[in-house]
Every structure is written in C-alpha cells, then in structure tokens.
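Just so you know, these numbers use all the heavy atoms, side chains as well, and skip hydrogens, waters and symmetry mates.
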Amino acid sequence: MPFPAACGQPPPTRPWSRHWRGTRQRAAASPGLGLLPIFNPDDEGERTPSEASRLIDAVTAADGVIISCPEYAYGVPGGLKNALDWLVSRDAAVDKPAMLVHASPRSLYARAALAEIMRTMSFALHDGGLEIGLLGKKPAEVEAVLGEQANALAMRDALSAFADFIRAR
C-alpha cells in the first residue's frame, strides 16, 4: 500500500531533522517539497509547475498520506503549508486518508492547526497517529530511539491501524 510521506522541513535543507529522519526511515518520502515554487492560483491548470504536478500526482495515486511536521512559532512550517496549498483546488486531497506523525509532544499548536487545515481540505484524517519523543535528540540518539522495540512496535501498530483505516474506506 503506497503512502507518500511528507515532512514539514524538507530534506535538502535539513537532512538531519528529527521529523525528516523519523519519516524517511519508515515510509517512502515524497521528494521535492523544498523545490516547490510558492503557491500562486494564477499558475494552476496548464501553468502548473512540474514540481507541483509531481506532488499532486503522487497524492492522487497514493492510498494514503502520512505527514510528520515540526512546530515553528506555534504554527505549521511554510514549506508544508505551501505544498498543501498546491492541493487545495484539486481532488487529490478529497477523502484521501491521512495520518499525522509527531516527534515532539510539545507540538500541540501545529498539530491542531495542521489537523484543521487537512479537515478543511477534505482529507479523511485518521484519528490514530503516532508520537515518538525525539525532541532534543542527536542523530545517533534518534536512530537508537526509533530502534527500541517499544517504538518499533508503536510504528508498526500505527501503520497497521492506518492501513486498516484505508481498507475500511
């Protein structure tokens, strides 16, 4: 079951990001969020940039979408919001199953904002999700935390529950 995964901080900028590393290790990440041009509704239709078209096509083709997102200044990072904006006027998000994954229990504001944005866009937001505390961890520590049996089981169970959610739709 294909799940494109998006991280709020794109890999070309910060490949060591806790959110990116956790997402990258557990799902096939959609490349290029950092390469998307800033959304402009005048550039939709025949003028849609190829980077945006690839994102739209990936989301359309996916059985579900997994998003991991850090919180910046109590909000959703601009790169992720920009990517979502490219999907707004398309059918790609409508009833598309989605799951949110978090690397910090302190990302409550961004989590709520992102969930509201996704509901507004008509994503079918899975009530479950995943949170593994990686805040303040160095890359080697992130690897160790993600490799712990309890966390490996939590990741497997969250993905299994999300797959069940998709199949039930």
Side-chain angles (χ1 to χ4, degrees), residues 1-36 51 54-56 58-59 61-87 92-93 96-121 123-148 150-166:
M1 192 171 285
F3 298 133
C7 175
Q9 183 66 41
T13 309
R14 292 176 56 191
W16 44 267
S17 161
R18 288 179 301 280
H19 288 274
W20 175 246
R21 290 172 69 83
T23 303
R24 176 176 54 91
Q25 291 177 3
R26 305 301 173 210
S30 295
L33 290 188
L35 302 176
L36 284 171
E51 298 88 349
R54 282 193 293 276
L55 172 68
I56 294 161
V59 172
D63 291 317
V65 177
I66 299 170
I67 296 180
S68 177
C69 172
E71 179 171 296
Y72 294 129
Y74 292 126
V76 176
L80 178 59
K81 179 62 169 79
N82 184 53
L84 292 171
D85 287 344
W86 279 108
L87 300 173
K96 180 68 63 177
M99 180 173 80
L100 303 180
V101 176
H102 302 281
S104 171
R106 298 190 319 189
S107 67
L108 299 177
Y109 296 102
R111 189 178 310 191
L114 181 57
E116 185 61 27
I117 291 165
M118 294 182 75
R119 280 191 293 272
T120 299
M121 293 177 66
F123 275 98
L125 200 54
H126 175 50
D127 285 336
L130 180 63
E131 179 184 299
I132 297 178
L134 300 174
L135 186 66
K137 303 280 191 268
K138 293 181 176 17
E141 295 171 311
V142 168
E143 301 286 339
V145 169
L146 293 176
E148 291 174 6
N151 290 330
L153 288 172
M155 288 183 278
R156 186 198 68 205
D157 291 348
L159 289 174
S160 178
F162 185 48
D164 290 345
F165 175 74
I166 292 169

Query - CG-CZ distance between D63 and F162, expressed to the nearest 0.5 angstrom - result: 9.0 Å
Query raised in the report: Does the side chain to side chain contact (heavy atoms under 4.5 Å, CB included) test come out yes or no for L130 and I66, once each step is laid out?
Result: CA-CA 10 Å; L130 180 63; I66 299 170; over 6 Å; no
Query - Nearest atoms (heavy-atom pairs only) where K138 meets E141 - result: N-OE1, 2.6 Å
Query raised in the report: At what distance, to the nearest 0.5 angstrom, does CZ of R54 lie from CD1 of I56?
Result: 11.0 Å
Query raised in the report: So, for F165 and P97, which heavy atoms are closest and what is the spacing to 0.1 Å?
Result: CE2-CB, 3.8 Å
**Report entry** Over all atoms of both residues, closest heavy-atom pair of V76 and A113
**Finding:** CG2-CB, 4.0 Å
Query raised in the report: Under 4.5 Å between any side-chain heavy atoms of L159 and M99, yes or no?
Result: yes
Requested in this report: Give me the ring orientation class for Y109 and Y74: parallel if the planes are under 30° apart, tilted from 30 to 60°, perpendicular past 60°.
Outcome: perpendicular
**Report entry** Heavy-atom side-chain proximity of L146 to N151 below 4.5 angstrom
**Finding:** no
Query raised in the report: What heavy-atom pair brings G133 and V145 nearest, and what distance separates the two atoms?
Result: O-CG1, 4.2 Å
Query raised in the report: Are L87 and F123 close enough that some pair of their side-chain heavy atoms sits under 4.5 Å apart?
Result: yes
Query - H126 side, atom NE2; D164 side, atom CG - distance, nearest 0.5 Å - result: 8.5 Å
Requested in this report: To the nearest 0.5 Å, tell me how far E148 CD sits from M155 CE.
Outcome: 9.0 Å
Requested in this report: Determine the minimum heavy-atom distance between E71 and R111, stating which atoms define it.
Outcome: OE1-N, 4.5 Å
Report summary line: To the nearest 0.5 Å, atom CD1 of I67 lies from atom CD1 of I117 at 9.5 Å
**Report entry** A110 to P70 - nearest heavy-atom pair and separation
**Finding:** CB-O, 4.1 Å
Report summary line: To the nearest 0.5 Å, atom CD of E131 lies from atom CG of L100 at 11.5 Å
Query raised in the report: Any side-chain heavy atom of V59 sitting closer than 4.5 Å to one from W86?
Result: no
Query raised in the report: Can you check whether A62's main-chain N or O pairs, donor with acceptor, with K96's side chain at less than 3.5 Å?
Result: yes
